[in-house]
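What follows is a short report on a single structure.
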Amino acid sequence: MIDYEILKVIWWLFIGVLLVGFAVMDGHDMGVGSLLPFLGKDDNERRVMINSVAPHWDGNQVWLITGGGAMFAAWPMMYATAFSGFYWAMLVLLMALIFRPVAFDFRSKVAATKWRTTWDWLLFLGSAIPPVICGVAFGNLLQGVPFHIDETMRPIYTGSFFGLLNPFGLLCGVLSLVMIVAHGGNYLTLRTEGALQARARNVAFIAGIVSAVLFVIGGLWVWAGIDGYVAVAGLDPAGPANPLAKTVEIQAGAWFANFASVPVLWLVPALGVIGALGGAVMVRANKPGFAFVLSAASLLGIILTPLLAMFPFVMPSSTMPNAGLTLWDCTSSQLTLEIMLFVTLIFLPLVLLYTGWAYKVMSGKLNSEYIEKNSHSLY
């Protein structure tokens with residue numbers, strides 16, 4: 001039997017891995033979809049872009065589904081609070097995700113220009129909206145979410161949908177979109193040729209630099225104007241799920257406390273900046289393989305930075321700080337975490353092996369000539 005406290009940390013790490021996996025794997029699909037109406041200058045080029053991700057996008061979306069399922073099983077109170085408080089945002093996210101499979105399947109059913117253009121824009125919306133919403137959510141987590149917990153341990157959200165669209169939240173949303181555009185641009189540079197590849201290279205270069213700049217701006221914004229949360233008493237890492245048992249204070253600079261106490265953690269945000277800039281340099285040097293790896297490393301650094309900053313908080317409360325949820329007091333039972341860990345250790349390696357095999361088998365360059373020769377068997 002694994003110690004309960006260690007299990008809680010393991011599942012915090014696993015959920016972080018799933019979020020990064022979603023950003024890296026489904027992120028380049030969404031990056032390509034976000035660029036579709038702008039980079040593809042004719043139907044063949046747009047079909048090249050679509051078919052570069054078509055064999056993988058639905059499998060990559062498993063990372064999002066698994067992440068949501070893991071949150072439901074490991075952090076049920078956090079899941080309940082997030083999916084009720086962010087209800088309208090989640091509904092918009094779901095509708096956007098529905099656009100993607102429909103657009104992939106129906107776009108090439110009819111050769112009419114208006115038909116295909118309509119589906120191209122729906123695929124754009126289905127690709128661009130999810131990262132924006134995810135970024136806005138992270139921005140609001142760092143500021144604290146307006147919810148409280150009543151005497152029956154029921155979390156009650158007191159904010160609004162438009163309240164989520166605050167300046168810092170929108171900055172994080174734009175950063176999220178730009179970083180997946182950079183990642184998608186690097187992927188297109190790796191998989192395409194000619195004029196389309198040149199345009200993708202230019203976009204990836206610019207987006208990589210912009211994502212690094214926005215990430216630094218976001219960090220400075222947190223340092224200068226966003227107070228963090230600190231549990232000063234009553235927090236028991238091995239105790240039961242009771243968020244109200246602790247005392248929480250709001251302190252300036254608290255989100256940097258973990259980095260100050262463990263300086264090696266600064267390597268994580270540094271990876272976010274260096275990976276984005278390094279990816280831009282590599283794609284400009286026509287080394288798209290290295291650029292793709294570096295942009296993936298940048299996503300790793302950018303996503304893990306707020307998770308490390310908030311640790312052990314997973315959802316702080318701005319209206320009732322003591323009710324803020326941490327990984328110590330919103331987690332499922334020890335038996336639940338043990339069963340989930342056993343299942344994950346079996347199936348996660350299988351998913352990774354299958355994904356690697358699929359990308360290896362369906363690798364290689366795509367161009368307009370290939371699309372024309374195989375127009376009836378491709379998207």
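These figures come from a predicted structure and were not determined experimentally. The residues of the chain are indexed from 1 along the displayed sequence.
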Enumerate donor-acceptor pairs with a distance under 3.5 Å from any side-chain N or O in residues 264-277 to protein atoms, sequence neighbours excluded.
residue	atom	partner	partner atom	Å
Trp266	NE1	Phe259	O	3.4

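Of all the heavy atoms in Pro312 and Trp328, the pair that sits closest is CB-NE1, 3.4 Å. In terms of heavy atoms, Ile129 sits closest to Val92 at CG2-CG1, 3.9 Å. When all heavy atoms of Leu188 and Ser52 are compared, the closest pair comes out as CD2-OG, 3.8 Å. Pro130 and Met30 get closest at one heavy-atom pair: CB-CE, 3.8 Å. In plain terms, the two heavy atoms of Lys8 and Ala238 that are nearest each other are NZ-C, 4.1 Å.
From Met315, atom CE reaches atom OG1 of Thr81 across 6.0 Å, with rounding to the nearest 0.5 Å.
Checked against salt bridge (charged side-chain N to carboxylate O under 4.0 Å, His left out), Asp29 has no partners two or more places apart in sequence or in another chain. Take Tyr87 and apply the ring pair (Phe, Tyr, Trp, His ring centres under 6.0 Å) test, not counting sequence neighbours, and it matches no residue. With sequence neighbours excluded, the residues satisfying ring pair (Phe, Tyr, Trp, His ring centres under 6.0 Å) with Phe292 are His28, His183, Tyr187. Remark: Asn322 engages no residue in a side chain to side chain donor-acceptor pair (under 3.5 Å) (not counting sequence neighbours). Listed by chain and number, the residues in a side chain to side chain donor-acceptor pair (under 3.5 Å) with Thr319 amount to none (sequence neighbours excluded). Taking the ring pair (Phe, Tyr, Trp, His ring centres under 6.0 Å) definition, one finds that Trp221 meets it with Phe168, sequence neighbours left out. Taking the side chain to side chain donor-acceptor pair (under 3.5 Å) definition, one finds that Asp150 meets it with Thr152, Arg154, sequence neighbours left out. Residues that satisfy the side chain to side chain donor-acceptor pair (under 3.5 Å) test with Glu193, not counting sequence neighbours, are Asn367. For Thr189, the side chain to side chain contact (heavy atoms under 4.5 Å, CB included) partners are Gln197, Ala200, Arg201, Val283, Pro288, not counting sequence neighbours.
Sorted by first and then second residue, the pairs that involve residues 232-252 and meet salt bridge (Lys or Arg N to Asp or Glu O under 4.0 Å), not counting sequence neighbours, are Lys246-Asp329. Each salt bridge (Lys or Arg N to Asp or Glu O under 4.0 Å) pair with one or both residues in residues 110-122, not counting sequence neighbours, appears once here: Asp43-Arg116, Arg46-Asp120, Arg107-Asp120.
In summary, the aromatic rings of Phe83 and Trp88 are positioned with their centroids too far apart to meet the 6.0 Å limit.
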